[in-house]
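Notes for the one structure printed next.
Reminder, nothing fancy here: chain letters follow the sequence lines and each chain counts from 1.
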There are 2 protein chains.
Amino acid sequence: MSYTIKDVAKHANVSIATVSRVLNGQGGYSKATEDKVHLAIKELGYQPNAFARGLISNKSNTIGILFPEVSSQFSSKILRGVEEAAHRLDSSVIVCNTASHGQRTMKYLQLLTEKRIDGILFVSEMITEEYYKKIESMQVPVVLISTESYQYPLPYVKVDDKHAAFTATDYLVKMGHSKIGMISGNKDDIIAGQPRIDGFKQALAQRGLAIKDENIIHSNGFSFNDGFTGLRRLLEQSPDLTALFAASDALALGAISAAYKLGIKIPENLSIIGYDNLPIAEMAIPPLTTVAQPLEEMGIVAAEMLFTMMNQGRRVESRIMSHSVIERESVKKVNLT
Amino acid sequence: MSYTIKDVAKHANVSIATVSRVLNGQGGYSKATEDKVHLAIKELGYQPNAFARGLISNKSNTIGILFPEVSSQFSSKILRGVEEAAHRLDSSVIVCNTASHGQRTMKYLQLLTEKRIDGILFVSEMITEEYYKKIESMQVPVVLISTESYQYPLPYVKVDDKHAAFTATDYLVKMGHSKIGMISGNKDDIIAGQPRIDGFKQALAQRGLAIKDENIIHSNGFSFNDGFTGLRRLLEQSPDLTALFAASDALALGAISAAYKLGIKIPENLSIIGYDNLPIAEMAIPPLTTVAQPLEEMGIVAAEMLFTMMNQGRRVESRIMSHSVIERESVKKVNLT
DNA sequence: TTGTATGCGTTATCAC
DNA sequence: GTGATAACGCATACAA
């Protein structure tokens with residue numbers, strides 16, 4: 001197979017202990033032997049074996065990250081950030097696509113345990129009791145991304161959904177709109193669903209605007225199709241809306257598409273603000289004004305939190321990342337009445 | 001730390017050999033001991049240690065995949081497929097973002113070697129001599145995705161770029177267009193650049209249409225921005241084009257955006273066909289007609305190829321995946337003159 | 001400054 | 001059917 005320190009030792013005429021020492025740069029050897037060893041390593045093309053190292057150190061230099069769906073722009077951006085942070089610390093990242101499926105998630109956790117990964121990142125999903133117990137038994141640090149747990153003491157990094165939704169809605173109001181609708185995600189989603197609805201309502205209330213149920217459409221999810229069908233339904237209920245807050249960029253894009261079919265001009269006839277600031281927001285026609293979540297940075301921050309937990313063994317504070325509205329061209333300023 | 005088979009053995013009053021046997025379901029033990037062992041495993045919450053197993057088997061049940069950029073819809077889709085196939089075989093996948101950077105790529109390969117991954121997937125990038133030597137020394141199967149190597153005998157899975165570009169262009173011709181332009185990627189890219197240009201030209205030639213240099217814009221890449229600026233440049237050179245083949249969906253979306261700014265209606269004034277069929281194609285306004293690559297399936301197929309190489313140790317045939325045009329609304333049928 | 005020996009958790013080869 | 005025990009490749013405590 002491949003060479004071991006034993007081979008290197010023989011080749012360099014030293015003991016394996018010495019080889020191990022120079023390999024880890026621990027000092028305690030002469031320059032001469034160091035050179036000898038390095039030479040032998042090079043000549044043989046020796047490659048350290050992470051299995052053997054891991055067996056001793058009980059560390060894998062690998063972290064695991066679980067997504068409900070890896071192939072979304074949302075996930076990709078986070079993954080990009082995580083990967084970057086991990087790479088800086090010579091760590092690898094294993095991706096897991098849970099498909100929001102309990103059994104599948106548990107299987108991943110099992111695999112990750114056996115591989116003795118150093119930490120876990122959990123994205124966008126609720127932590128069930130089953131997950132938590134498993135995680136706890138793994139004795140490994142965990143950080144939540146874009147979700148949080150009310151029942152279990154797990155650190156997280158996310159934006160304040162309610163606040164961000166408030167900001168989005170308030171932006172619409174500031175631009176002169178008073179008849180504002182919303183297409184929300186699933187309202188049973190206590191992280192990304194209800195809080196954004198609450199933020200929306202609170203912004204209206206604070207400005208003294210009426211909150212009407214027929215101005216809100218509750219979708220099943222946050223997808224393009226949800227937005228597409230959502231807009232039709234919304235406009236049937238409330239034809240006179242002048243502005244719309246979509247709880248995700250995908251929803252917003254779907255709404256824009258539906259508007260296009262319906263002959264409704266954006267932003268002339270209807271202003272739309274999204275949520276997320278995915279790459280697609282910029283590509284939309286018109287370019288989508290939206291509330292940005294710093295996804296890539298969230299990935300970096302979460303990974304860094306994980307590493308400090310791993311390496312320094314200390315607890316870490318959750319982080320609320322700041323959001324901001326990115327003004328593009330889907331919202332029109334309107335004269336206040 | 002965590003329990004070992006030794007603990008389990010003691011707990012069940014058997015030897016570690018027996019524990020190992022039932023753990024691997026090898027038979028050669030009585031039902032009674034089997035139950036005893038299973039019970040002990042459960043009671044202790046024993047977790048096998050992949051390090052120890054790997055040390056013996058020299059297998060990690062992990063594969064590595066290298067992308068120039070993980071956070072693109074293109075990469076995500078492939079990753080999704082790979083992940084799916086790997087999961088079915090209880091394998092994990094480590095993602096690496098090379099940023100098309102030689103040194104970074106080499107470092108990843110180094111990490112993957114040390115971790116004794118079972119196979120490598122290489123996406124969208126040229127294999128340099130340096131990479132190939134490293135890969136060869138790793139003694140591990142490799143499959144290329146959406147790229148191929150003319151110098152090294154590495155199996156790949158991709159679509160036929162030239163053919164697909166031909167198909168796209170020919171579709172435009174069949175729809176009645178004769179003044180057709182192209183925004184290509186980098187023409188120095190011998191995989192996704194030049195071949196698509198060749199396919200474009202060949203389709204025109206076959207139909208007896210003139211091939212004019214000013215009808216082709218060579219971008220630096222395949223991005224939205226390249227398409228955005230590309231369309232302006234193209235139209236300056238050739239104002240009377242009625243149709244456009246964009247060598248990627250991102251290019252196409254950029255072109256659509258530019259057209260929107262320019263007051264050019266798609267498809268009334270200009271028909272556009274893209275390449276890739278990413279999710280964004282469907283979200284475009286108008287929805288983009290495009291040549292589809294089955295990205296997710298390519299990921300699955302490539303991973304499966306890798307696994308048969310790994311497990312059966314035999315060589316494997318490269319796969320040309322079939323493409324198809326997805327008709328949406330960005331191409332208008334025109335009367336033949 | 002260097003070498004010897006032990007153990008990390010498993011699997012596998014022997015014996016019994 | 002079952003149990004010792006020797007690897008696997010490395011790090012490290014202890015000797016020298």
Using whole Å, what does the distance between atom P of nucleotide C:dG3 and atom CD1 of A:Ile5 come to?
12 Å

Return the value, rounded to whole Å, for the distance between atom CD1 of B:Ile56 and atom P of C:dT11.
6 Å

Under 4.0 Å, counting only non-hydrogen atoms across every strand here, what does B:Thr4 touch: a base, just sugar-phosphate, or nothing?
sugar-phosphate

Using a cut-off of 4.0 Å on non-hydrogen atoms, how would the nucleic acid contact of B:Asn24 be classed: base, sugar-phosphate, or nothing?
sugar-phosphate

Closest-nucleotide ordering on DNA chain C, the 5'-leading residue of B:Gln47 and A:Ile16:
A:Ile16

note: B:Asp7, atom CG; C:dG9, atom P; distance rounded to Å ~ 8 Å

State whether a side-chain donor-acceptor pair under 3.5 Å links A:Ser60 with A:Lys115.
no

Do A:Thr62 and A:Arg116 have a side chain donor and acceptor closer than 3.5 Å?
no

Contact between B:Arg319 and B:Met305 at the side-chain level, heavy atoms closer than 4.5 Å - yes or no?
yes

Regarding A:Gln26, tell me which of base, sugar-phosphate or nothing describes its non-hydrogen contacts under 4.0 Å with the strands shown.
sugar-phosphate

Answer with base, sugar-phosphate or nothing: what part of the nucleic acid does A:Tyr46 contact at a heavy-atom distance below 4.0 Å?
sugar-phosphate

Considering heavy-atom distances to DNA chain D, does B:Leu55 or B:Gly28 have its closest nucleotide positioned more toward the 5' end?
B:Gly28

On DNA chain D, nearest-nucleotide positions of B:Tyr29 versus A:Ala52: which is more 5'?
B:Tyr29

Is there a side-chain polar atom (N or O) of B:Arg53 under 4.0 Å from OP1 or OP2 of C:dT11?
yes

Tell me what A:Ser57 touches on the nucleic acid: a base, only sugar-phosphate, or nothing, going by heavy atoms under 4.0 Å.
nothing

C:dT1 phosphate, OP1 or OP2: any side-chain N/O from A:Ser30 under 4.0 angstrom?
no

Side-chain donor-acceptor pair present, B:Glu148, B:Ser318, cut-off under 3.5 Å:
no

Roughly how bent is the helix from C:dT1-D:dA16 to C:dC16-D:dG1 end to end, in steps of 10 degrees, with each end axis from five pairs?
40°

Does a donor on one side chain and an acceptor on the other come within less than 3.5 Å for A:Ser76 and B:Ser76?
yes

Look at all strands and tell whether A:Val19 reaches a base, only sugar-phosphate, or nothing, counting heavy atoms closer than 4.0 Å.
nothing

Grab the NZ-C1' distance between B:Lys6 and C:dC8 for me, whole Å please.
10 Å

Just by distance, no angles: are the side chains of A:Gln110 and B:Gln47 close enough, under 3.5 Å, to form a donor-acceptor pair?
yes

N/O donor-acceptor pair, side chain A:Arg116 with base C:dG9, under 3.5 angstrom:
no

Taken in chain and number order and not counting sequence neighbours, the residues that satisfy ring pair (Phe, Tyr, Trp, His ring centres under 6.0 Å) with B:Phe51 are none

Tell me, with the steps shown, if B:Tyr132 and B:Tyr152 meet ring pair (Phe, Tyr, Trp, His ring centres under 6.0 Å).
CA-CA 8 Å; B:Tyr132 186 70; B:Tyr152 308 108; 4.2 Å; yes

So where does chain A start and stop touching DNA chain D, 5' to 3', when the test is distance under 4.0 Å to a non-hydrogen atom?
D:dG9 to D:dT12

Would A:Ser71 and A:Glu69 count as having a side-chain donor-acceptor pair, cut-off 3.5 Å?
yes

Tell me the interatomic distance from B:Arg21, atom CZ, to C:dT13, atom P, rounded to whole angstroms.
11 Å

Mutual orientation of the aromatic rings belonging to B:Phe122 and B:Tyr131 [parallel < 30°, tilted 30-60°, perpendicular > 60°]:
tilted

